[in-house]
J.: 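Below is one structure. I have some questions about it.
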Number of protein chains: 2
Amino acid sequence: MTGPEIDFSNLKLPEPGQLEAYFALTEAVSLLQHHVEQQLRAEGGISAIQFQLLMALNGPVPLTMTQLADGVVYSRSGLTYQAALLEKAGLVTRGPSPDDERATLVAITDKGRETVGKVLPGHIELTRRLLYEAVSADDLDRLRDIMSRVRDHIRNEPPRSAAPRRRRTPPAGA
Amino acid sequence: MTGPEIDFSNLKLPEPGQLEAYFALTEAVSLLQHHVEQQLRAEGGISAIQFQLLMALNGPVPLTMTQLADGVVYSRSGLTYQAALLEKAGLVTRGPSPDDERATLVAITDKGRETVGKVLPGHIELTRRLLYEAVSADDLDRLRDIMSRVRDHIRNEPPRSAAPRRRRTPPAGA
DNA sequence: TATTGTTATACTCTATAACTATA
DNA sequence: TATAGTTATAGAGTATAACAATA
């Protein structure tokens, strides 16, 4: 579907199969996320990101904001925003850390665990129906290997210019 | 990392490998999309969605709004919003269709094609660096097959209750 | 009556920069 | 000086419902 009007002769184009893989990948995940959003919103009144945060907090120990941000693509202010929402909803509490006076400790509440418990079965059911059902066990193994490698590869990618910072801070310059 | 506090004994949990596949998949794509957003914004001043729309319009024939919406997860008002932005930026034009007086024909402009031409090489380079570089040709074939199947599977999923509508209309009922 | 598309409106999310406070 | 986190603010995106016009 690329128009004939542009000259790409200098560009080493990817194989059609490569492009297809890329498009299928992004569209499938986009569709999946869309369904997941709706399920979480309908059954627990939370967004996918809030669900991720609650899952991260669902262990026995509270986390600092920085620990919580790990693996989440946000700006720090974005995390503060979400944490404030979760706190207002009574799903987490925030308090000072005894170890480091700068840090904020975020802890999940009983109501937060309740919400996770309320939402998780449907979430698992949904992913089973949308994802697992469509692929064989063998494919799923392969998919896990491939995408884990891609994930790690991208994580190690330097931010285009400067030295890689500790976490995922906004790239600023672009 | 699941807390011991919740009783999931009634829930048939997915294998750990399945969960890993799901998490790796969503996180890798999320990281990929984040990089893509920045590249498109930096080099062409457009969002990923606007890029998708321009690519869809990059062929020889204009498309109606409905045709353009195909494969895009939006509400119709969301597409109207994006089309208005693209028009204001001079990248597309909108006009009435001679065939169907209700329809709006959207056509890409020279400036729009220019923008695609300006942005596409970097886009391809980026996906090569982030995605193709991390996987073998064989893996990429497999990935394409798997994700195409998943995409089609999800597309055919009925919206949870009512009969499947023509396109992706907001689910209303939840 | 169904379909195409727009508008109005409200809400959610994200990002930037400036700021406070502690290490 | 660097790190942890918040706040203010502005902008982008999304969804809903009501609407007008054509099929």
Side-chain angles (χ1 to χ4, degrees), chain A residues 30 33-34 37-38 40-42 45-53 62-70 72-89 92 94-106 159 163 165-174, chain B residues 30 33-34 37-38 40-42 45-53 62-70 72-89 92 94-106 159 163 165-174:
Chain A
S30 167
Q33 284 171 337
H34 201 247
E37 275 289 346
Q38 292 186 248
L40 294 174
R41 190 69 71 183
I46 56 176
S47 68
I49 293 122
Q50 289 163 358
F51 175 64
Q52 279 179 248
L53 295 175
L63 299 178
T64 66
M65 293 293 282
T66 299
Q67 290 167 337
L68 196 49
D70 234 351
V72 184
V73 192
Y74 287 21
S75 55
R76 289 178 306 160
S77 69
L79 181 56
T80 297
Y81 171 74
Q82 291 296 342
L85 288 185
L86 289 173
E87 190 179 40
K88 188 157 49 178
V92 308
R94 282 187 293 178
S97 163
D99 301 344
D100 185 335
E101 293 277 326
R102 295 171 303 180
T104 297
L105 277 185
V106 186
R165 290 289 272 282
R166 271 226 310 110
R167 223 167 305 281
R168 209 162 299 111
T169 327
Chain B
S30 167
Q33 284 171 336
H34 201 247
E37 275 289 346
Q38 291 186 249
L40 294 173
R41 189 70 71 182
I46 56 176
S47 67
I49 293 123
Q50 289 163 359
F51 176 65
Q52 279 179 248
L53 295 175
L63 299 178
T64 66
M65 293 292 282
T66 299
Q67 289 167 337
L68 194 51
D70 233 349
V72 183
V73 192
Y74 287 21
S75 54
R76 290 178 306 162
S77 68
L79 181 56
T80 297
Y81 171 75
Q82 291 296 341
L85 287 185
L86 289 173
E87 190 179 41
K88 188 156 50 179
V92 308
R94 282 187 293 179
S97 164
D99 300 344
D100 184 336
E101 292 278 326
R102 294 171 304 181
T104 296
L105 277 185
V106 186
R165 288 290 271 283
R166 271 226 311 110
R167 223 166 306 282
R168 208 162 298 112
T169 328

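Lettering follows sequence order; numbering is per chain, from 1.
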J.: What's the CG-P distance between A/Leu86 and C/dC13, to the nearest Å?
T.: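 Roughly 10 Å, once rounded to whole Å.
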J.: Once you apply a heavy-atom cut-off of 4.0 Å, does A/Leu85 come out as touching a base, just sugar-phosphate, or nothing?
T.: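 Counting heavy atoms under 4.0 Å across all strands, the contact made by A/Leu85 is with sugar-phosphate only.
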J.: Does A/Leu79 reach the side chain of A/Leu53, with side-chain heavy atoms less than 4.5 Å apart?
T.: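 Contact flag for A/Leu79/A/Leu53 side chains = yes.
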J.: Return the value, rounded to whole Å, for the distance between atom CD of B/Gln33 and atom C1' of C/dT14.
T.: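 Those two atoms, CD and C1', are 15 Å apart.
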J.: Atom CD of A/Gln82 to atom P of D/dT6: distance rounded to whole Å?
T.: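 So the two atoms are 13 Å apart, to the nearest Å.
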J.: Using a 4.5 Å cut-off on heavy atoms from C-beta on, say whether the side chain of B/Thr64 contacts that of B/Leu105.
T.: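 When only atoms from C-beta onward are counted, B/Thr64 and B/Leu105 do touch, with a gap below 4.5 Å.
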J.: Nearest to the side chain of A/Asp100, heavy atoms from C-beta on, is which of C/dA23, D/dG5, D/dT22?
T.: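 Nucleotide nearest to A/Asp100's side chain: C/dA23.
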J.: Among C/dG5, C/dT12, D/dA15, which nucleotide sits nearest the side chain of A/Tyr81?
T.: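 Comparing C/dG5, C/dT12, D/dA15 against the side chain of A/Tyr81, the answer is C/dT12.
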J.: Report the distance from atom CG of A/Leu68 to atom P of D/dT6, rounded to the nearest whole Å.
T.: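 Whole-Å distance recorded here is 11 Å.
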J.: So, using side-chain hydrogen bond (donor to acceptor under 3.5 Å, both in side chains) as the criterion, who are the partners of B/Gln52 when residues are at least two apart?
T.: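 Expected list: none.
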J.: From the options C/dA21, D/dG13, D/dT22, select the nucleotide whose nearest atom is closest to the side chain of B/Ser47.
T.: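 Closest nucleotide to the B/Ser47 side chain: D/dG13.
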J.: Side chain of B/Ile49 only, please: which of C/dG5, D/dA4, D/dT14 is the nearest?
T.: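 Nucleotide nearest to B/Ile49's side chain: D/dT14.
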J.: Which sits closer to the 5' end of DNA chain C, A/Asp99 or B/Arg94, going by the nucleotide each is nearest to?
T.: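 The answer here is B/Arg94.
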J.: On the side chain of B/Arg102, is there an atom forming a donor-acceptor pair with the base of C/dG5 - under 3.5 Å, no angle test?
T.: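 No pair found.
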J.: Between the base of D/dT16 and the side chain of B/Ser77, is one N or O donor paired with an acceptor at under 3.5 angstrom?
T.: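 Indeed there is one.
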J.: Among C/dT16, C/dC13, D/dG5, which is the nearest nucleotide to the side chain of A/Ala103?
T.: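 It is D/dG5.
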J.: Can you tell me how far P of C/dT22 sits from CG of A/Leu105, to the nearest Å?
T.: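 One finds 16 Å between P of C/dT22 and CG of A/Leu105, rounded.
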J.: Quick one, B/Arg94 and B/Thr80 - any side-chain contact, counting heavy atoms below 4.5 Å?
T.: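 Counting from C-beta outward, B/Arg94 and B/Thr80 do come under 4.5 Å.
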J.: In this structure, how many angstroms lie between the P atom of C/dA2 and the CZ atom of B/Arg76, rounded?
T.: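 B/Arg76 atom CZ is separated from C/dA2 atom P by 14 Å.
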J.: Rounded off to whole Å, could you give me the CZ-to-P distance for the B/Arg41 and C/dA15 pair?
T.: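 About 11 Å, once rounded to whole Å.
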J.: Please classify the nucleic acid contact of A/Thr64 as base, sugar-phosphate, or nothing, using heavy-atom distances under 4.0 Å.
T.: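 Sugar-phosphate: the residue A/Thr64, judged by heavy atoms under 4.0 Å, touches backbone atoms but no base.
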J.: Rounded to the nearest angstrom, tell me the gap between atom CE in B/Met65 and atom P in D/dA21.
T.: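 Distance, rounded to whole Å: 18 Å.
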J.: If I take atom CE from residue A/Met65 and atom CZ from residue A/Arg102, how far apart are they, to the nearest 0.5 angstrom?
T.: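 Answer for the CE-CZ pair, A/Met65 versus A/Arg102, is 14.5 Å.
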